[in-house]
Protein chains: 2
Amino acid sequence: MDQTKQETRISTNSKGVDLSRREMLIGAGALMAGAAISQLGLVNSAMAAKVSSGAEGWPWPYEKVDPAQAGETAYHHWYKVFCSQAVTTGLFEQLRESVGEPWTNFPIESISFGAGGMMGWGLTCGAPVAGALVIGLAVPKEYSNAMIHDLLQWYTVTPMPVYVAQKPNYQGEIPKTVAESPLCHLSVGKWMKEADRGFGSDERRHRCASVTASVAYRTAELLNEWKDGTYKPGSAWNGPGTVGLPAQQNCMSCHGSDIPTAPR
Amino acid sequence: MDQTKQETRISTNSKGVDLSRREMLIGAGALMAGAAISQLGLVNSAMAAKVSSGAEGWPWPYEKVDPAQAGETAYHHWYKVFCSQAVTTGLFEQLRESVGEPWTNFPIESISFGAGGMMGWGLTCGAPVAGALVIGLAVPKEYSNAMIHDLLQWYTVTPMPVYVAQKPNYQGEIPKTVAESPLCHLSVGKWMKEADRGFGSDERRHRCASVTASVAYRTAELLNEWKDGTYKPGSAWNGPGTVGLPAQQNCMSCHGSDIPTAPR
């Protein structure tokens, strides 16, 4: 089946899906069922064989990374380079030691733009973007697509931060919040509202450093499971197949009860 | 000034900013004034010297790229690999020819996850994410941060698609729409509403291929200006400095008239 037919099939299959208010909420099981690997994922997987990168030796060799060490490195680097480059640093640091090239050759400064959801625009949190890049470098398409879905889903539904730094820069307790989205604006904004702390506060900085560490830790766990042969993809969200266009699962967060229907 | 003080200053400087409904709209000049390089950008620039990537030879050597050829390559690769890998392909193709290593060594499949705003989640459009990565690889921080802001801003306010393929896969006219956001969901969704065409339609596919080509073209233009020494950064949006946290400029798109105030 060629790509045109495959992508068209995504849309055709999803005709007539009507979603109630309840089903629009995060984590609604019905939305996830039957999509163990999303259709979008399968399309990408199928086409991987057709298009050469021009680069030899991909995916890059992977050796298991210590998640806690990746987390601690990411935590402390957040204070220097913010989320996306800090996640990359946490994961690359050990791979440069254990594997060497090509991990030693890639300039991780190039991914720093993810900070603040791309330079403070509040778009996708830079931590999972950086995690996705490392997954994309280390893991073949038939697993990487599912693994990136898992990372986004985990980020979306998990009370954050998870990771507790061994040597934190802030000593007190901070609240955990569920972002219900991989977007920086929602992730940071919900936490700031709950904590009643400003963007420049020590608590918010410790929070984002800890979220960054959490993402580095979780990415290392997923990569290690794949290396061990124990990785099992979760139920992947399929925006185009479910609501008719690329979308998150939290429609009501922006649309309220007036959720438009996508043209079919 | 250390990083802690610098990032705190972003917040301190922005105390007491109150934004009217009108000022929340896209392109409001007042929001952009006085931020030729955003404060977030300056923080990243300042810290670039402190944190080594561990990789030699960064930024990567850049030779000017033909924007139209980059656009045409990106357009046709969209049908095989979708937006983010197609932009990367459009730009890498010529750099691999003109420069060779290290452009030949990077596996561009690793960035394919940007498709559909990360695997169909409708987050940041994969085209500017891929453009940002290439800018991050080729351009030193003191210019790359501003250039990525420019690319996001241009994507946000420009009636799209701009690029007209020399050999298009769809022959008819399609409407142009302004995304008012770099998010895939808003970019695609507004176009689908205006065009009244489904996600699987030939028109939507041609539209996203053409947007992808437009981003490759615009990224090449910016990179070439920098190479020529004629690049002048635009007025960068500063979400944290203006509204107190990372954010887009289209607050009312999601919040309506009930825009919350960030804790300070």
Side-chain angles (χ1 to χ4, degrees), chain A residues 3 7-8 10-12 38 40 44 47-48 50-51 53-55 58 79-81 96 104-110 112-113 116-124 132-133 136-137 145 148-149 152 182 184-185 188-189 192 196-200 238-240 244-248 254 262-264, chain B residues 3 7-8 10-12 38 40 44 47-48 50-51 53-55 58 79-81 96 104-110 112-113 116-124 132-133 136-137 145 148-149 152 182 184-185 188-189 192 196-200 238-240 244-248 254 262-264:
Chain A
Q3 292 313 313
E7 213 200 21
T8 305
I10 292 177
S11 176
T12 309
S38 82
L40 187 64
N44 281 344
M47 70 204 172
K50 290 189 189 175
V51 181
S53 73
W58 174 80
Y79 286 87
K80 301 172 187 170
V81 293
R96 286 174 166 178
T104 47
N105 296 338
F106 182 73
I108 54 181
E109 300 95 333
S110 61
S112 72
F113 65 79
M118 281 190 92
M119 312 288 301
W121 280 61
L123 309 169
T124 317
L133 180 68
L137 288 168
N145 287 345
I148 291 167
H149 272 294
L152 291 174
C184 168
H185 182 74
V188 174
M192 285 172 60
D196 195 24
R197 289 292 181 276
F199 188 69
N238 181 351
L245 79 167
Q248 299 177 64
C254 291
R264 299 286 185 172
Chain B
Q3 292 313 314
E7 213 201 20
T8 305
I10 292 177
S11 175
T12 309
S38 81
L40 187 62
N44 282 344
M47 71 202 172
K50 289 189 188 175
V51 182
S53 73
W58 173 80
Y79 287 87
K80 302 173 188 170
V81 294
R96 286 174 167 178
T104 46
N105 297 337
F106 182 73
I108 55 180
E109 300 95 334
S110 62
S112 71
F113 64 80
M118 282 190 90
M119 312 287 301
W121 280 61
L123 310 169
T124 317
L133 180 67
L137 288 168
N145 286 345
I148 292 166
H149 271 295
L152 290 173
C184 169
H185 182 73
V188 173
M192 286 172 60
D196 195 23
R197 289 292 181 276
F199 188 68
N238 181 352
L245 78 168
Q248 298 177 62
C254 291
R264 299 286 185 173

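Just the heavy atoms: all of them, side chains too, but no hydrogens, waters or symmetry mates, feed the values below. Chain identifiers are assigned alphabetically (A, B, ...) following the order of the sequence lines, protein sequences preceding nucleic acid strands; residue numbering begins at 1 within each chain.
Contact between B:F199 and B:M192 at its shortest, heavy atoms only, is N-CE, 3.5 Å.
Most heavy-atom pairs under 4.5 Å with chain B, from the set A:L133, A:D196, A:V188: that is A:L133. Across B:P246, B:A132, B:G239, B:G189, the residue that shares the most heavy-atom pairs under 4.5 angstrom with chain A is B:P246. Across B:G136, B:C184, B:S110, the residue that shares the most heavy-atom pairs under 4.5 angstrom with chain A is B:S110.
Between the side chain of A:T124 and the main chain of A:G117, no donor-acceptor pair closer than 3.5 Å is present.
Looking at heavy atoms from C-beta onward, A:L152 lies in side-chain contact with B:L123 at the 4.5 angstrom threshold.
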* **Step-by-step side chain to side chain donor-acceptor pair (under 3.5 Å) determination, B:W121 to A:H149** => CA-CA 9 Å; B:W121 280 61; A:H149 272 294; 3.1 Å; yes
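Only the side chain of B:I148 comes within contact range of chain A, judged by heavy atoms closer than 4.5 Å.
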